[in-house]
Protein chains: 2
Amino acid sequence: MQERIMDELRVAEVAKALANPVRVRILSILEGGERCGCEFVPLLGLDPSVVSRHLATLQRAGLVESRRDGVRVLWRLANPEIPRLLRCLEALACAEVPT
Amino acid sequence: MQERIMDELRVAEVAKALANPVRVRILSILEGGERCGCEFVPLLGLDPSVVSRHLATLQRAGLVESRRDGVRVLWRLANPEIPRLLRCLEALACAEVPT
DNA sequence: CCATTTCTTGCATAATTGTGCAAAGATGCA
DNA sequence: TGCATCTTTGCACAATTATGCAAGAAATGG
């Protein structure tokens with residue numbers, strides 16, 4: 001019961017990290033491999049500060065990891081299960097036709 | 001490219017519906033089968049209006065469906081893939097230990 | 001040390017979300 | 001019709017989120 005609640009909190013936390021189109025896009029880009037943070041700025045058309053915060057949100061949720069390479073920070077998916085999760089969400093996103 | 005954006009919007013919409021512990025709990029309860037809306041009130045300890053809104057949110061995302069049975073409304077999962085999605089999220093929720 | 005590039009943080013602001021109470025709707029039954 | 005039960009909606013309020021600008025921090029190279 002208590003663990004149920006914790007479970008649902010953590011699941012909701014992960015889902016919250018996915019609950020934004022920009023962050024979904026970031027993850028799907030990272031499916032292609034490691035990327036420098038600055039690469040996302042032109043790709044997403046957002047301020048660097050905004051990109052930084054989205055990446056931090058994904059990191060807090062445990063979905064991405066980073067390493068520094070000189071001035072740059074390189075980002076990658078933190079878990080090989082993430083593509084499966086994205087496919088799962090896409091399947092439901094396409095299936096949904098609520099009336 | 002355009003479809004990419006639509007895709008990410010819809011994925012984020014579905015994720016947004018999952019981005020709340022109460023709604024995750026509702027879905028996991030519905031994994032056990034159809035339930036009357038009023039059953040959730042004592043289970044979740046929330047006002048009936050709040051329960052109604054959470055169910056409406058899940059319905060808008062295409063995750064649950066309902067049918068009326070007299071004065072009651074019975075709810076069920078709208079897609080058999082939802083348990084798989086929940087297991088996927090749980091796996092990531094447990095795996096995450098961000099430092 | 002200074003300049004450059006990349007990244008993060010501190011505001012401020014607009015928009016969204018979660019909640020409960022009260023009231024209104026919907027349905028069935030006496 | 002009137003009542004009881006279940007559900008939804010209108011309103012208000014607190015909390016959270018997304019965004020951009022400006023400023024600061026980190027690393028590199030001259």
Side-chain angles (χ1 to χ4, degrees), chain A residues 5 8-30 34-76 78 98-99, chain B residues 5 8-30 34-76 78 98-99:
Chain A
I5 290 170
E8 284 132 20
L9 271 180
R10 293 175 73 87
V11 166
E13 281 308 305
V14 174
K16 204 173 294 186
L18 291 156
N20 177 288
V22 172
R23 290 194 293 270
V24 172
R25 181 112 177 80
I26 288 176
L27 290 178
S28 78
I29 290 171
L30 288 179
E34 205 172 44
R35 290 269 189 165
C36 166
C38 64
E39 291 184 80
F40 291 112
V41 174
L43 284 174
L44 302 173
L46 291 173
D47 193 87
S49 68
V50 174
V51 172
S52 174
R53 274 187 247 259
H54 280 302
L55 287 164
T57 297
L58 289 168
Q59 188 173 45
R60 256 179 280 116
L63 297 178
V64 302
E65 293 171 342
S66 66
R67 66 186 176 94
R68 198 170 254 284
D69 177 31
V71 245
R72 313 180 172 224
V73 176
L74 299 178
W75 296 87
R76 61 181 179 278
T99 47
Chain B
I5 290 171
E8 285 132 18
L9 270 179
R10 292 174 74 85
V11 165
E13 281 309 305
V14 174
K16 204 173 295 185
L18 292 157
N20 178 286
V22 172
R23 289 194 295 269
V24 172
R25 181 111 177 80
I26 289 175
L27 290 178
S28 79
I29 289 172
L30 289 179
E34 205 173 44
R35 290 269 189 166
C36 167
C38 64
E39 290 184 82
F40 291 112
V41 173
L43 285 174
L44 303 174
L46 292 172
D47 192 87
S49 68
V50 174
V51 172
S52 173
R53 273 186 249 261
H54 280 302
L55 287 165
T57 298
L58 289 168
Q59 187 173 45
R60 257 179 279 115
L63 297 178
V64 302
E65 292 171 342
S66 65
R67 68 185 176 95
R68 196 172 257 283
D69 177 30
V71 75
R72 316 184 167 219
V73 176
L74 299 177
W75 296 87
R76 62 179 179 279
T99 45

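Worth knowing before you read on, the calculation uses all heavy atoms, side chains too, and leaves out hydrogens, waters and symmetry mates. Order of the sequence lines sets the chain letters (A, B, ...), proteins ahead of strands, with each chain counted from 1.
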Could you write nucleotides 15-23 of chain D as a row of B, S and -, 5' to 3', where a protein heavy atom under 4.0 Å of any base atom gives B, of only sugar-phosphate atoms gives S, and otherwise -?
--SSBBBB-
Quick one, B:L18 with A:V11, criterion side chain to side chain contact (heavy atoms under 4.5 Å, CB included). Give me CA distance, side-chain angles, the key distance, then yes/no.
CA-CA 8 Å; B:L18 292 157; A:V11 166; 5.9 Å; no
Covered region of DNA chain C, 5' end to 3' end, by chain A [heavy atoms, under 4.0 Å]
C:dT5 to C:dC11
Decide side chain to side chain contact (heavy atoms under 4.5 Å, CB included) for B:R60 and B:T57; before the verdict, give the C-alpha distance in whole Å, the side-chain angles of both, and the deciding distance to 0.1 Å.
CA-CA 5 Å; B:R60 257 179 279 115; B:T57 298; 3.7 Å; yes
Which whole-number value in Å describes the distance from B:E39 CD to D:dT5 P?
17 Å
Please report the distance, rounded to the nearest Å, between CG in B:L44 and P in D:dC6.
16 Å
What's the shortest heavy-atom distance between A:R23 and A:A17, and which atoms?
NE-O, 2.7 Å
Measuring from atom CG of A:N20 to atom NZ of B:K16, what distance do you get when rounded to the nearest 0.5 angstrom?
7.0 Å
If you take all heavy atoms of B:P21 and A:A12, which pair is closest and at what distance?
N-CB, 3.5 Å
Going through the checks in order, is the side chain to side chain contact (heavy atoms under 4.5 Å, CB included) test met by A:Q59 and A:W75?
CA-CA 9 Å; A:Q59 188 173 45; A:W75 296 87; 3.9 Å; yes
The side chain to side chain contact (heavy atoms under 4.5 Å, CB included) partner of A:R35 among A:L74, A:I26, A:L43 is A:L43
A side-chain contact here means heavy atoms from C-beta on lying under 4.5 Å apart; do B:L58 and B:H54 qualify?
no
Charged N to carboxylate O below 4.0 Å: is that the case for A:R10 and A:E13?
no
Working to the nearest 0.5 Å, report the span between CZ of A:R53 and CG of A:L46.
12.0 Å
Structure string for DNA chain D in dot-bracket form, Watson-Crick and G-U at under 3.5 Å, | interchain
||||||||||||||||||||||||||||||
